[in-house]
Number of protein chains: 2
Amino acid sequence: MCDEAKRDPAERLRQMTARLKERGHRLTPQRLAILRILAESRGHPSVEDIHKALLKDFPTTSLATVYKTITRLKDENEVLELEFSDLANRYDGNTPTPHPHAICTRCGAICDPDTPPLEELAKLVADRTGFRITSHRLDFYGLCPKCQEQDG
Amino acid sequence: MCDEAKRDPAERLRQMTARLKERGHRLTPQRLAILRILAESRGHPSVEDIHKALLKDFPTTSLATVYKTITRLKDENEVLELEFSDLANRYDGNTPTPHPHAICTRCGAICDPDTPPLEELAKLVADRTGFRITSHRLDFYGLCPKCQEQDG
DNA sequence: GCGTTATGGATAATGATTATCCTGAAAGAA
DNA sequence: TTCTTTCAGGATAATCATTATCCATAACGC
């Protein structure tokens, strides 16, 4: 229910590479590999996760390269960043627009539940605060099913 | 509309001191001062903000003391932490239960809009993901009214 | 192929937060 | 009030994800 198949990874990869090229970014082998990892990932990998996966094909890749590529992708709105102050940030390259997440506070599992859209609520907030709302973040924290089992 | 008066700061201070005492924490002058700053704050101060305010009455207070006190308050659920990976975390001592925020991405202003409660949505997410939901975070990002003016 | 210039790699720097360690103060008991 | 125990404060070092820096090199348009 949680990490069901989303859109086709190959299609998403094509989309990302096309957008980067179109905006004048070079498509290096390392970059392509990072895009592929993001497109194929069902979870929400951290930079270190991505780097580890990358080392299988490109054993000399630097962590800095991953950070730089992620920054590009953020600038181009091709990846959604989930910030944490006490943990490494996590990234969603499949669905780069804001959407709710369920986050396990024990094991760090993150999944995308289906929920009604928040546009109405965002409009309400804009009306009441005078803000020009451009993005949002909705996280639910708790224990994932696996971690509940371990409680006995 | 955004930073309207909430509950009575003095009453909130009484509440916090009572809870800390009840749980066996000592009430030192520094701690009381931090509680007062949190209770009276209408914004969402960072640790550094709190420390700066504290120095007026206790010029030798260490930053570490503020961090330690905040940790206590988090453990006792008397303060709500808003985490940011690229900025200092911000704290709400007035309303320590999760509630939506509007956050200015330019100046960092944070305010508490009135919105319908999210309990139903949380229940829906719990049903669909199997998570045992214990907390949530709903942030809306955008430009506050002041920062919109500066755009011309 | 060539030349321009963005990118990759290695590593140092940054900065919020946490850990450590010791001294001193808070609170209860006598 | 004084004593005792233990928690809290202050100073500072350590941590760790993320950024910045710098140079050699690879990508891509011509």
Side-chain angles (χ1 to χ4, degrees), chain A residues 16-37 44-76 78-91 108, chain B residues 16-37 44-76 78-91 108:
Chain A
M16 287 199 281
T17 52
R19 299 236 176 100
L20 284 195
K21 192 161 213 170
E22 174 178 297
R23 310 275 179 96
H25 300 291
R26 292 182 186 171
L27 291 180
T28 66
Q30 294 93 331
R31 227 169 240 188
L32 272 174
I34 293 173
L35 293 186
R36 184 185 312 279
I37 290 167
H44 295 70
S46 66
V47 164
E48 205 184 317
D49 293 335
I50 297 170
H51 185 235
K52 270 205 196 101
L54 198 53
L55 289 181
K56 287 170 193 162
D57 293 322
F58 299 85
T60 65
T61 315
S62 165
L63 242 192
T65 300
V66 183
Y67 275 106
K68 288 183 214 171
T69 303
I70 288 285
T71 300
R72 289 305 167 86
L73 291 171
K74 279 197 291 176
D75 290 345
E76 301 296 352
E78 290 301 325
V79 75
L80 180 68
E81 181 178 59
L82 284 173
E83 294 185 61
F84 299 95
S85 71
D86 54 344
L87 297 169
N89 293 346
R90 308 278 291 271
Y91 298 90
Chain B
M16 286 199 280
T17 54
R19 300 237 175 99
L20 284 195
K21 193 162 211 170
E22 175 177 298
R23 311 274 179 97
H25 300 291
R26 292 183 186 169
L27 290 181
T28 65
Q30 295 92 330
R31 230 170 237 188
L32 271 174
I34 294 172
L35 293 186
R36 184 184 311 281
I37 290 167
H44 296 69
S46 66
V47 164
E48 206 185 317
D49 292 335
I50 297 169
H51 185 235
K52 270 203 196 104
L54 197 54
L55 289 181
K56 288 171 193 161
D57 293 322
F58 298 86
T60 66
T61 315
S62 165
L63 242 192
T65 298
V66 183
Y67 274 107
K68 289 182 212 172
T69 303
I70 288 285
T71 300
R72 290 304 167 87
L73 291 170
K74 278 196 292 176
D75 290 345
E76 300 296 352
E78 291 300 326
V79 75
L80 180 68
E81 183 178 61
L82 284 173
E83 293 185 61
F84 298 96
S85 72
D86 54 345
L87 297 169
N89 292 347
R90 309 277 289 270
Y91 298 90

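No hydrogens, no waters, no symmetry mates; every other heavy atom, side chains included, goes into these values.
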### Query
How many Å lie between CG on Leu54(B) and P on dG9(D), as a whole number?
10 Å
### Query
Tell me, do Ile70(B) and Ile50(B) make a side-chain contact under 4.5 Å, heavy atoms counted?
yes
### Message
Just so I know, are the side chains of Leu20(B) and Glu76(B) near enough to count as touching, which here means a heavy-atom distance under 4.5 Å?
### Response
yes
### Query
How would you label the contact of Asp86(B) with the nucleic acid (heavy atoms, under 4.0 Å): base, sugar-phosphate, or nothing?
nothing
## Note on the structure
Note: for Glu81(B) and Lys21(B) on DNA chain C, the residue whose nearest nucleotide lies more 5' is Glu81(B)
### Nearest-nucleotide pick for Tyr67(A), side chain only, options being dT18(D), dT17(C), dA10(C)
dT18(D)
### Query
Between Phe84(B) and His25(B), which has a closest nucleotide on DNA chain C that is more 5'?
Phe84(B)
### Task
Give a yes/no on whether any side-chain N or O of Gln30(A) is located under 4.0 angstrom from OP1 or OP2 of dA26(D).
no
## Note on the structure
Heavy-atom closest pair (Phe84(A) atom, Glu83(B) atom, distance to 0.1 Å) is C-OE1, 4.1 Å
### Task
Check every strand shown and say whether Thr71(B) touches a base, only sugar-phosphate, or nothing at a heavy-atom separation below 4.0 Å.
nothing
### Query
Within the structure, does a side-chain N or O atom of Ser62(B) lie under 4.0 Å from either OP1 or OP2 of dA11(D)?
no
### Message
Using a heavy-atom cut-off of 4.0 Å across all strands, would you classify Ser85(A) as base, sugar-phosphate, or nothing?
### Response
nothing
### Query
For the side chain of Leu27(A), counting heavy atoms from C-beta on, which of dC28(D), dT6(D), dT7(C) is nearest?
dC28(D)
### Summary
Of the listed dA11(D), dA10(C), dT7(C), the closest approach to the Ala64(A) side chain comes from dA10(C)
### Query
Counting just side-chain N and O atoms, does Asn89(B) come under 4.0 Å of either OP1 or OP2 of dA16(C)?
no
### Task
Measure across Leu82(A) and His44(A) and return the closest heavy-atom pair with its distance rounded to 0.1 Å.
CD1-CD2, 4.3 Å
### Query
With respect to the side chain of Arg72(A), which nucleotide from dG10(D), dA8(D), dT7(C) is positioned closest?
dT7(C)
### Query
Where do Leu54(B) and Ile37(B) come nearest, in terms of heavy atoms and distance?
N-CD1, 3.7 Å
### Query
Taking CD1 from Ile34(B) and P from dA8(D), how many angstroms apart are they, rounded to a whole number?
12 Å
### Query
Which part of the nucleic acid, if any, lies within contact of Thr60(B), taking any heavy atom under 4.0 Å across all strands shown: a base, the sugar-phosphate backbone alone, or nothing?
sugar-phosphate
### Query
For the base of dC28(D), is there a side-chain donor-acceptor partner from Arg26(A) under 3.5 Å away?
no
